[in-house]
Amino acid sequence: MLTGKLWKRILLHRYLYMMLLPCLLFFIIFSYIPMGGLMLAFKDYKFNMGITGSPWIGFVYFERFFNDYQSMNLIKNTLIISGMKLFLYLPFPIILALMFNEIRGKFFRNIAQSISYLPHFLSWVVVVGLVQRVLAPDTGLLNETIANMGGDGSTYFLMEPDYFYQIMFGSHVWKSIGWDSIIYLAAIAGINPDMYEAARMDGASKWREIWHITIPSIMPTILILFILSLGSILSAGFDQLYLLRTPGNMHLSDILDTYIIRVGLQGGQYGYATAVGLMQGLIGFILVVLANRLSRRISDTSVW
Amino acid sequence: MGKKGSIYISVFLILVLLLTACSKNNEPANGGTDGNNGTKTENGEKPTDGKPATWIADRKIKGLVFMGTDDYTEDMNAEIKQKLKDMTGIELELEIMKADHSIDGLIAGIASGDLPDFITFYLNNSGRPEMSVILKAAREGMFTDLTPLMKDTKVFSKYLQDDYLPLDTKYGVMFRPEFNGSSYFVHMNINREGGATTRKYVGGPFVRKDIADTLKVDPRTIKTSEQLYELAKKIKDGGFKDTNGNAVYPIGPSYWGGKEVSALYPDLSWGASDQRIKPDKDGKWLHEAQTEFAMKRIEFVQKLLKEKLIHPEFFTVDESRATEAALNGTSAIIGDMHNYQEFNNDMHYLPIGPLDNADSPYQMQVDFKSGYSGWAIPSTTKNPEEIVKFADFLASREGKLLWQYGLEGRDYTLDEKGNPKVKQEVLDLKVSDPNAAKKLGFAGVSNSFGELLGGTDIDRMADFGEMEYGESVHPEVLAGANGIIDYFDWDGKRKDAKINDGYPPLSFLGEFDRGTELKTAFDNYNDSLTRAYYTKNLDEAKKVMDSALKQMQAAGLDDYLKLLEQKNADEKTRVKY
Amino acid sequence: MGKEFYKLSAGEKIFKIVIYLLIIGLCLSIILPFMNILALSFNAGKDAERGGIYFWPRAWSTENFKEVFMSANVGTAFGISIFRTVVGTVASVFLTAMAAYALKGKTLPGVKFFTLLIFFTMLFSGGIIPYYMLLKSLNLTNTIWVYVIPTLYSAWNLIIMRTFFQQIHPSLEESARIDGYNDFSIFMRIIMPLSRPVVAVIALFNAVSHWNDWFTGAFYVRSSNLRPLSTLLQEMLMQAEAMRDTLAQAAGANYDALEKIQVTGNSLKMATIVIVVTPIILIYPFIQKYFAKGVMIGSLKE
C-alpha cells in the first residue's frame with residue numbers, strides 16, 4: 001500500500017523529524033499563534049473584549065485605505081524605493097565580495113573587510129546625521145569642495161527633490177554593502193578550489209574564471225537571497241526614510257511604513273495598521289511565489 | 001476653598017513637617033549623613049501606633065512612565081525613598097518606557113492588562129496622539145473612575161470645583177460629557193491661580209548685544225518684519241564674525257534645531273503657528289491658507305534666503321548644529337530661544353521686539369492654565385484610593401517640599417518663614433557634577449519622580465517663597481534670566497496680557513469624523529510651507545500652496561471650520577486663538 | 001601585491017589596481033566618519049558643543065567614557081548583552097543547523113510543506129499586541145529569557161543555511177551512510193565540519209542581531225536592570241528625535257516642553273557608540289579565518 005510505503009519513508013527519516021520538531025514547534029508558538037492577531041484587520045478592536053471578542057467589521061479598513069487619496073502615491077513611492085534597493089542594489093555587495101576575493105594580501109584583505117562592515121553597526125540616526133553634515137549648504141564637505149572648484153556651493157541637497165534618490169540610495173549602499181557581502185564571501189569560500197585549478201590549466205583569464213566558475217557557484221545563494229527579499233517589496237525601510245524626510249522631498253519619501261506609524265498607531269487605530277501590514281505581506285507573498293516558481297524552472301534553485 | 005483654605009492647609013502642613021523633622025534638628029549642621037538617617041529610620045518605624053498624619057498604607061506602589069525624558073529615572077535616592085516610606089508607608093517604584101514610540105508600549109500594556117498600579121503619559125492638550133489611546137481605553141472600561149476617590153482629598157478635590165480647571169482640561173480631558181461626571185485620568189501641571197506662570201519666559205528672536213550696540217540699534221524698537229529685514233541687512237553689510245572668525249549668519253536657527261518661528265514675522269502669520277486657524281474681523285473662521293498671509297510670508301522668507309540673510313537650513317537644521325551656531329555666536333540673531341538659558345546668563349544676547357501682529361500691536365498672550373502630563377489607574381489595581389491619596393500627598397506642600405527640595409538638613413534648611421533655603425553644597429555640586437547631584441534624588445537636581453503624581457496645584461511663590469529652585473539663596477544663577485525679564489518689561493506687559501482659556505482650534509480633530517485625514521492635511525500644509533520657501537519663484541510656491549489647500553478642503557476643512565464656529569458659540573467649548 | 005603581480009598581463013594589472021583603489025576608497029569613506037566619532041568621544045563634552053571637531057579631539061578627555069561607565073545600569077547592561085549574545089548565538093546556531101539539515105533533503109516527506117510553513121512567518125505577523133500577550137502568558141516578559149527563547153530560530157537564517165547545505169556534494173553523505181552512520185551523526189560528523197563558512201556566517205549574523213536588538217529590551221522588559229546596552233544607546237539617540245517632534249508639534253513657544261527634553265551631549269553619545277560597537281567588531285577577525293578560500297573541502301575530498 002502507498003500509505004505503508006509513506007510510513008516506511010517517514011520511519012526511515014525519524015532522526016530528521018526529531019531534528020526538525022523543535023523548530024516547527026517554535027514557529028507554531030512564536031509565529032502562528034500570534035498571527036491570530038491578523039484578525040484585527042477585519043475587526044473593530046476593543047481593549048475590554050480582546051482580539052477574539054471584538055466585533056467583526058469586514059473590509060472597512062481596506063476600503064478606507066484605497067479611498068485615501070494618498071494611498072496610490074504611497075504605494076508608488078514604496079515600490080520605487082524598495083525596487084531600487086532590491087534590483088539596483090543587488091549587484092553591489094556581490095561585486096564587493098568578488099573584489100575582496102581578488103585580493104591576495106591577507107592583512108590588507110582582513111583589515112579592509114573589517115572596515116567595510118562597520119557602518120552596519122551605526123543606527124540610521126547617526127548615519128543620517130553624518131549625511132546632513134556632509135551635504136549641508138555652504139558649510140558641508142561636498143558644497144565646500146564644489147565652491148573650491150569654482151562652483152556654487154549653496155545647494156541644499158536634502159531639500160531638493162532632484163537629489164533625493166541619489167542620497168537615499170548612496171547612504172543605503174554605504175551602510176549595507178560591507179555587511180551584505182559577507183554572505184557572498186562565505187559562499188565563495190565554499191567553492192571547490194579544484195575547479196579554479198582546472199580552469200587555470202586551461203589558461204582561462206581572470207574574467208572567465210569569475211564569469212564561469214565563481215558566479216555560477218554562488219548563483220543559488222544569490223537567487224535565494226533575492227527571492228526572500230522580494231517578500232518585503234512593500235516595506236522600504238522606515239528609519240532611513242523617516243529621518244531623510246524633509247519638506248522638499250516628502251512627496252517622494254513618504255512610504256507605507258511611515259504611513260502606518262503616523263495614521264495607524266498614533267491614531268490608536270490598531271486594526272488599520274494591521275490591515276495595511278496584511279496587505280504588505282500578501283503582495284510580498286504573491287511575488288515570492290511567482291519568483292520561486294520561475295527560479296525553480298530555470299535553475300533548479302527554490303525556497304521550497 | 002480658594003486662597004484662605006490653601007494658606008490654612010499650608011500652615012497646618014508646616015507644623016506637621018516641623019514636628020516630624022524635629023528629631024533631626026536636634027543634630028544640627030550635618031544631620032544628613034547616612035548613619036544619622038539610619039537611626040532616624042528606626043525611630044520613625046517604632047511608634048506604629050502613632051503613625052504620622054500623612055500615613056496612607058503599608059504597601060508598594062508601582063508606576064509605569066510612558067515618557068522619554070531624562071527627568072524621570074527609576075533610581076530613587078535611598079534616603080528619600082525611606083523618608084517617603086516613613087511618612088506615608090508607601091514604597092514607590094517606577095518603571096520607565098523610554099522608547100521613541102512609547103505609544104506602542106502603552107497600547108500593548110493596556111491590551112494585555114499588564115499594567116502596574118498607575119501609569120503616566122504625555123498629555124499636554126487633548127490633541128496629543130496618546131490622548132486617543134487613553135480615551136479609547138477609558139471608554140472601554142480599562143481605568144478606574146477617579147471622581148469619587150478625589151472627593152476626600154486635599155489637593156485633588158479642587159479639581160472638582162467649578163472654577164479651578166481650565167476648559168480644555170475640564171471638558172476635553174477629564175470630565176468629558178460622555179463620562180457623565182466620571183473621570184478616568186488626571187491632568188497635571190495645573191497652576192493654583194488661573195493665568196499664573198511658573199516661569200517668566202521671554203522668548204522669540206534674540207540678537208547679539210555687541211552687534212546691536214555697534215549698529216546702534218535698540219532691539220526693542222524692531223516692531224515689524226520689514227524692520228527685522230533691515231536689521232539683518234545691516235548685519236550682513238557689517239561683516240561681523242563669530243568666535244571662530246567665520247562670518248555670521250544674520251538670522252540663525254532656533255537654539256533647539258530647525259523649525260518654523262512665527263515670532264520672526266507675526267505680522268505675516270495667521271493664528272498661532274501650531275494652529276494657523278482663527279476668525280477674521282467679521283467672525284468668520286479661516287485657515288491661513290485661505291488668507292493672503294501664507295504667500296506674503298513665503299515672499300518674505302524667499303527674499304531672506306536669496307539675499308543670504310537667513311541660515312539656509314533655518315527650518316530643518318539638526319539640534320547639535322543649531323546649538324553650535326548659538327554658542328559660537330555664529331547666529332547674529334538666534335531665531336528662537338528664551339531667557340532661562342544658561343549660556344546667556346551674561347546677557348550677550350538680547351530679545352528683539354516683540355514684533356507686532358498684522359492687525360494689532362503686540363499683546364502678551366497667557367494661557368489660563370496648561371497641562372503637560374497625566375496619570376491613570378488601571379481597573380486591575382487593588383485599593384485605588386491609596387494611590388489617589390498618595391498622589392494627594394505628593395501634591396501637598398509637604399510632599400512637594402520632599403520631592404522638590406530633598407531632605408531637610410541634608411539638602412536645605414528652613415528659614416523663619418518656613419521656606420526652604422537650599423544648601424550651598426548642593427548648588428555647587430549641581431554645577432560641578434550634575435550627574436552626582438542628580439543622585440540626591442529630587443526635582444531641584446533634576447530627578448522629578450514626584451512630579452508624575454504630585455506636580456500640580458502649582459504656586460511656588462506661595463509655597464516656598466521663590467519661583468525657581470535655589471533662587472532665594474543664589475540669585476545670580478538667574479541673573480541673566482531676570483535681567484532679560486526687566487529689559488523686556490515682562491511684568492509691565494503681563495499687566496496688559498490677554499488671558500486665554502479655551503481649546504486650541506485643532507483639539508476637536510479627535511471628534512471630527514475625518515479627523516485623521518484632516519490632521520494629515522494640516523501636517524502637509526506645514527511641510528508645504530517649508531517646501532514653498534525653497535521653491536525657485538513665487539509661482540511655483542503658489543502651486544505648492546494651492547495643492548496643500550486643496551488637500552485640506554478635500555479632507556473636510558470647511559466642515560471643520562463650521563464645527564469650530566459652533567464650538568466657540570458654546571460657553572463650555574470656547575476656542576482660543 | 002607580491003611577486004605574483006609582475007607575472008600578470010597588463011590588463012590584469014589594471015584590473016587589480018582598480019580593485020585596490022575602489023576598496024581603499026570605500027574604506028576611507030568609512031574610516032573618516034568613524035574617526036570623527038572617536039575624536040568626539042575623546043573630546044570634553046562642553047568643548048565639543050562648539051563644533052568644529054573633525055578627526056582629532058581638541059580638548060582631550062576621557063570624561064565621557066567615565067561618565068558612561070559610571071552611569072547606572074551600564075555594567076549590568078553590558079552583562080545582559082554578553083549573556084544573550086553568547087547563549088543565544090550558541091543555542092540558535094546549533095538548533096538552526098539541525099533543522100536546516102533536516103530540510104535540505106528533497107526526499108523527506110512533507111519537506112516542501114514544512115519549508116513553506118517556515119517561510120510564511122517571514123511575511124505575516126499579527127503585530128505587537130498578540131505577541132506581547134503570548135510572551136506574557138509564557139511568563140517570558142521581564143525575564144532574561146525573553147532575549148534568548150523567542151529568537152532561537154529565524155526563518156531567514158534557516159533557509160540560507162539550508163541552501164548552503166544543499167550544495168555539499170551528496171557523495172560524502174552516501175558513503176557515510178554505507179558506513180552505517182545515522183542522519184544525526186552524518187550531520188554532526190560530516191555536514192558541520194564541511195560547512196564552517198556558513199556556520200561562521202550564521203553565528204555572526206546571530207551574534208550581531210542579538211547585540212544590536214534594542215526593541216525587545218524596550219518593549220518586553222520593564223525592569224531597568226534587564227535592559228541590554230543597545231536599548232540604552234537607542235534611548236540616548238532618540239532623544240534628539242523627541243526634540244524634533246516637540247519642535248514640530250509646538251512651533252509656538254512651548255518652552256516648558258522643550259526644557260523637559262534634555263538631549264544627551266554629542267560626545268557622550270559618541271562614547272556610548274564606541275562602547276557598544278567595539279566588542280562586536282572585535283569578533284569579526286575570528287570569524288574571518290573561516291572564509292579563507294576552499295576550507296576543508298579540498299582536504300576532505302582526498
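Lettering of chains follows the sequences in order, A, B, ..., and the numbering in each one begins at 1.
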Quiz item: Which class fits the ring pair C:Phe205 and A:Trp179: parallel under 30°, tilted 30 to 60°, perpendicular over 60°?
Solution: tilted
Practice problem: Under 4.5 Å, counting heavy-atom pairs only, tell me which of C:Ile287, C:Val198, C:Ile160 racks up the most with chain A. | Solution: C:Ile160
Quiz item: With a 4.5 Å heavy-atom cut-off, do A:Lys106 and C:Gln288 have their side chains touching?
Solution: no
Quiz item: What is the minimum heavy-atom distance between A:Pro220 and C:Gln167, and which atoms define it?
Solution: CB-NE2, 3.5 Å
Practice problem: List the atom of C:Phe15, the atom of A:Lys206, and the distance in Å for their closest heavy-atom pair. | Solution: CE2-CD, 4.1 Å
Quiz item: What is the distance from atom CD1 of C:Ile129 to atom CD1 of A:Ile51, rounded to the nearest 0.5 Å?
Solution: 6.0 Å
Practice problem: Pick whichever of C:Phe164, C:Phe187, C:Tyr131 has the most heavy-atom pairs under 4.5 Å with chain A. | Solution: C:Phe164
Practice problem: Could you have a look at A:Ser302, A:Gly50, A:Gly284, A:Gly281 and say which one has the most heavy-atom pairs with chain C under 4.5 angstrom? | Solution: A:Gly281
Self-check item: Test item: A:Ser123 and C:Leu237 side chains (from C-beta on) under 4.5 Å apart, heavy atoms
Solution: yes
Quiz prompt | When A:Ile183, A:Leu185, A:Val125, A:Ile33 are compared by non-hydrogen pairs under 4.5 Å with chain C, the top option | solution = A:Ile183
Quiz prompt | Audit row: A:Asn110, C:Tyr284, side-chain contact (heavy atoms from CB on, under 4.5 Å) steps and yes/no | solution = CA-CA 9 Å; A:Asn110 285 349; C:Tyr284 194 53; over 6 Å; no
Quiz prompt | Top contributor to chain C interface from A:Phe100, A:Tyr45, A:Phe108 [non-hydrogen pairs under 4.5 Å] | solution = A:Phe108
Quiz item: Would a 4.5 Å heavy-atom cut-off, applied to side chains only, mark C:Pro109 and A:His13 as touching?
Solution: yes
Quiz prompt | Greater than 12 external heavy atoms within 6.0 Å of C:Phe286's CZ | solution = no
Quiz item: Is chain A contacted by the side chain of C:Ser92, its backbone, both, or neither, given a heavy-atom distance below 4.5 Å?
Solution: neither
Self-check item: Atom pair CG/CG of A:Leu141 and C:Leu32 - distance to nearest 0.5 Å
Solution: 9.0 Å
Self-check item: Exercise: identify the closest heavy-atom pair between A:Val303 and C:Thr115
Solution: O-CG2, 3.1 Å
Quiz item: Taking A:Thr301, A:Leu278, A:Leu24, A:Thr274 one by one, which has the highest count of heavy-atom pairs under 4.5 Å against chain C?
Solution: A:Leu24
Exercise. State which residue, out of C:Ile118, C:Thr121, C:Leu152, fulfils the side chain to side chain contact (heavy atoms under 4.5 Å, CB included) condition with A:Phe26.
Key: C:Leu152
Exercise. Heavy-atom distances under 4.5 Å only: say whether C:Leu140 touches chain A with side chain, backbone, both or neither.
Key: side chain
Practice problem: Could you tell me which of A:Leu130, A:Leu98, A:Ile29 has the largest number of non-hydrogen atom pairs under 4.5 Å with chain C? | Solution: A:Ile29
Quiz item: Among C:Leu95, C:Ile168, C:Leu123, which has the most heavy-atom pairs under 4.5 Å with chain A?
Solution: C:Leu123
Quiz prompt | Which of C:Ile149, C:Val18, C:Val276 touches chain A most, by non-hydrogen pairs under 4.5 Å | solution = C:Ile149
Quiz item: So which part of C:Phe113 gets closer than 4.5 Å to some heavy atom of chain A, the side chain, the backbone, both or neither?
Solution: neither
Exercise. Using the six-membered ring wherever Trp is involved, compare the ring planes of C:Phe120 and A:Phe285 and label them parallel, tilted or perpendicular (cut-offs 30° and 60°).
Key: perpendicular
Exercise. Select, from C:Ile280, C:Leu135, C:Leu233, C:Leu158, the one with the greatest count of heavy-atom pairs under 4.5 Å involving chain A.
Key: C:Ile280
Self-check item: Aromatic centroids of C:Phe184 and A:Tyr15 separated by under 6.0 Å
Solution: no
Quiz prompt | Option in A:Met35, A:Glu102, A:Arg14 with maximal non-hydrogen atom pairs under 4.5 Å from chain C | solution = A:Met35
Quiz item: What is the minimum heavy-atom distance between A:Pro22 and C:Tyr153, and which atoms define it?
Solution: CB-OH, 3.6 Å
Exercise. Please state whether the side chain, the backbone, both or neither of C:Leu138 comes within less than 4.5 Å of a heavy atom of chain A.
Key: side chain
Exercise. Can you check whether anything in residues 115-122 of chain A gets within less than 4.5 Å of chain C, heavy-atom wise, and list it by number?
Key: A:Ile115, A:Ser116, A:Tyr117, A:Leu118, A:Pro119, A:His120, A:Phe121, A:Leu122
Self-check item: Minimum heavy-atom distance between A:Trp174 and C:Pro33, given as atom pair plus value
Solution: CZ2-CG, 4.0 Å
Exercise. Identify the two heavy atoms, one from A:Ile224 and one from C:Ile159, that lie closest to each other, and give their separation to 0.1 Å.
Key: CG2-CG2, 3.8 Å
Quiz item: When heavy-atom pairs shorter than 4.5 Å are enumerated against chain A, which of C:Leu117, C:Leu26, C:Leu204, C:Leu103 gives the highest number?
Solution: C:Leu117
Quiz item: C:Phe114 and A:Trp304: aromatic ring centres closer than 6.0 Å?
Solution: no
Quiz item: Which atoms of C:Phe124 come close to chain A, meaning under 4.5 Å heavy atom to heavy atom: side chain ones, backbone ones, both, or neither?
Solution: both
